[in-house]
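Let me begin by presenting the structure, written as structure tokens, before commenting on it.
Because the structure is a prediction, the values reported are computed rather than measured.
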Amino acid sequence: MEKKKEQKKGHFALCFKEFKFCAIATMAYILISCLICWLTGYGQDGTQVSFIMGIPSWAVFGVFIPWIIMVIVTAVYGFVIMEGDEEE
């Protein structure tokens with residue numbers, strides 16, 4: 001009975017650790033993305049916007065690049081850092 005209780009406590013701690021990482025990473029991604037988009041694209045009309053391969057530069061630097069970085073960060077975390085909760 002004690003082992004089962006201890007096992008649930010360990011499972012909760014592991015899930016909570018992963019939740020904290022995901023919550024912090026998501027909040028950072030949203031804040032950085034919105035800030036970059038606002039700084040580089042807000043208040044510009046169509047004549048002031050520069051384009052990179054047909055995409056507005058604010059979208060490239062504020063949406064696509066942070067998104068690609070987040071995919072890489074979460075993949076590395078999921079495949080390398082994240083621990084399993086395999087039962088022994």
Considering only residues two or more places apart or on different chains, which pairs with a residue in residues 28-37 satisfy salt bridge (Lys or Arg N to Asp or Glu O under 4.0 Å)? none
For Val63 and Cys37, which heavy atoms make the closest approach, and how far apart are they? CG2-SG, 3.8 Å
Which atom pairs, one a donor and one an acceptor, fall under 3.5 Å between side chains of residues 69-78 and the rest of the protein, sequence neighbours left out?
| from | atom 1 | to | atom 2 | distance (Å) |
| --- | --- | --- | --- | --- |
| Thr74 | OG1 | Met70 | O | 2.8 |
| Thr74 | OG1 | Val71 | O | 3.2 |

Pairs involving residues 52-70, ordered by first then second residue, that meet side chain to side chain donor-acceptor pair (under 3.5 Å) (sequence neighbours left out): Ser50-Ser57
Drop me the distance from Phe61's CZ to Ile55's CD1, to the nearest 0.5 angstrom. 11.0 Å
Name every donor-acceptor pair, under 3.5 Å, that has one atom in a side chain of residues 13-22 and the other anywhere in the protein, sequence neighbours excluded.
none

Tell me the side chain to side chain donor-acceptor pair (under 3.5 Å) pairs involving residues 25-42, sequence neighbours left out? none
ILVMFWY network linking Ile30 to Ile68, side-chain heavy atoms under 4.5 angstrom: yes
Report yes or no: do Val49 and Leu39 belong to one cluster of Ile/Leu/Val/Met/Phe/Trp/Tyr joined by side chain heavy-atom distances under 4.5 Å? no
